[in-house]
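Report on one structure; see the data block that follows.
In this text, all values refer to a predicted model and were calculated from it rather than measured experimentally. Ligands are counted one by one from 1 in listed order, and the atoms in each one are counted from 1 as well. Keep in mind that the numbers below use all heavy atoms, side chains included, and drop hydrogens, waters and symmetry copies.
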Amino acid sequence: MATRGQILKLGILGGTFNPTHIGHLIAAEEVYWSHRLSMVLFIPSYLPPHKGSKNLAEARHRYEMVRLAIKGNKHFAVSDTEITRKEKSYTIETVELLLRQYGGTCDLHLIIGADTVQELPSWKEIGRLASLCRIVVVNRPGAGLEGFSQLIPVLGKEKVEEMQRMSVQIPPVGISSTEIRARLREGRQIKYLVPDAVEKYILKKGLYRDVQSNAPT
Ligand code: ATP
Ligand code: MG
């Protein structure tokens, strides 16, 4: 945390974390070191605006899996701010809340995978969001760089150039939560794709064994 007079360089990694996997952890760790951040805050969403709740584990499970995944890493933390709002989770609202909490001493770095770049134009108040934080993109297998040019009319050339400059090259991780859920439905193993504690939690609670349509609580 920042002490008096210091700027807190806060990384934020939002997502459904359904479940958390090593791609999330590697992305956050690489950006932490690359941009010399103070810490990275993982923020599980309650209801993601762009995904349905089909196959979405309950919010408390997803929160717990993030907590278990980051345990022992002193510069990672998890926030329940979106989960406790119990509404659709819009990043602009979370960012405004964080800025109110930390005041003007906070330099927010929103971390996203390259697949998310193409979704940004449809995000709520994306122009204002982009003016309130830096956006740090990490590479992800299967996601190219096309998204950046589509962003120019939305965010302007200067902001997109800043995003390109700030982007961080990570060891490519071809893992997604979608694939992990599919493996679990098929009864296949997920060892090493998620931290051990997350694997244990999934198996203990019997998560993702069937197609679920439960509302997140
Ligand atoms: P799903 O398949 O359910 O969409 P996911 O693996 O994409 O899950 P999310 O919780 O949607 O995980 O991702 C949260 C953020 O982390 C997004 O910005 C996403 O682009 C990024 N991310 C997730 N997995 C990776 C990965 N393997 N490499 C780089 N970025 C990733
Ligand atoms: Mg995703």
- So, do His24 and Phe42 have ring centers that fall under 6.0 Å from each other? no
- Query: How long is the span from the CD1 atom in Ile43 to the CG atom in Leu98, to the nearest 0.5 Å?
  - Reply: 5.0 Å
- Query: Taking distance alone, with no angle check, do Ile175 and ligand 1 share an N/O pair under 3.5 Å?
  - Reply: yes
- Item | Common cluster, Leu129/Ile152, ILVMFWY with side-chain heavy-atom separation under 4.5 Å | yes
- Message: If we count only N and O atoms by modelled type, under 3.5 Å, do the side chains of Glu179 and His21 hold a donor and an acceptor together?
- Response: no
- Could you verify whether a donor N or O on one side chain and an acceptor N or O on the other, from Arg140 and Thr116, lie under 3.5 Å apart? no
- Message: Measuring from atom 5 (P) of ligand 1, which candidate in Arg181, Arg62, Arg140 has the nearest non-hydrogen atom?
- Response: Arg140
- ligand 1 and Asn18, any nitrogen or oxygen pair closer than 3.5 angstrom? no
- Message: Below 3.5 Å, N or O to N or O, backbone or side chain included: is there any such pair between Ile170 and ligand 1?
- Response: no
- Atom indices of ligand 1 within 4.0 angstrom of Ser176 heavy atoms, with elements: 2 (O), 6 (O)
- Note on the structure: Taken to the nearest 0.5 Å, the spacing of His61 NE2 from Leu68 CG works out to 12.0 Å
- Task: State the atoms of ligand 1, each with its element, that fall below the 4.0 Å cut-off from a heavy-atom position in Thr178.
- Result: 1 (P), 2 (O), 3 (O)
- Query: Any idea which atoms of ligand 1 are less than 4.0 Å away from a heavy-atom of Ile112?
  - Reply: 18 (O)
- Message: Measuring from atom OG1 of Thr16 to atom CG of Leu56, what distance do you get when rounded to the nearest 0.5 angstrom?
- Response: 6.5 Å
- Specify the protein heavy atom at minimum distance from atom 17 (C) of ligand 1: its residue, its atom name, and the distance to 0.1 Å. Thr116 OG1, 3.6 Å
- Query: CG of Leu145: more than 12 outside heavy atoms within 6.0 angstrom?
  - Reply: no
- Query: Which atoms of ligand 1 are found less than 4.0 Å from any heavy atom of Phe17?
  - Reply: 10 (O)
- Query: So is Asn139 in contact with ligand 1, going by heavy-atom distances below 4.0 Å?
  - Reply: yes
- Query: Side-chain contact, heavy-atom cut-off 4.5 Å: Val137 with Met163?
  - Reply: yes
- Sub-4.0 Å atoms of ligand 1 with respect to non-hydrogen atoms of Gly14: 14 (C), 15 (C)
- Distance filter under 4.0 Å to Val138 heavy atoms, resulting ligand 1 atoms: 29 (C), 30 (N)
- Would you mind listing which atoms of ligand 1 come within a distance below 4.0 Å of any non-hydrogen atom of Gly15? 10 (O), 14 (C)
- Task: Would you mind telling me if ligand 1 is within reach of the side chain of Asp115, the backbone, both or neither, using heavy atoms under 4.0 Å?
- Result: side chain
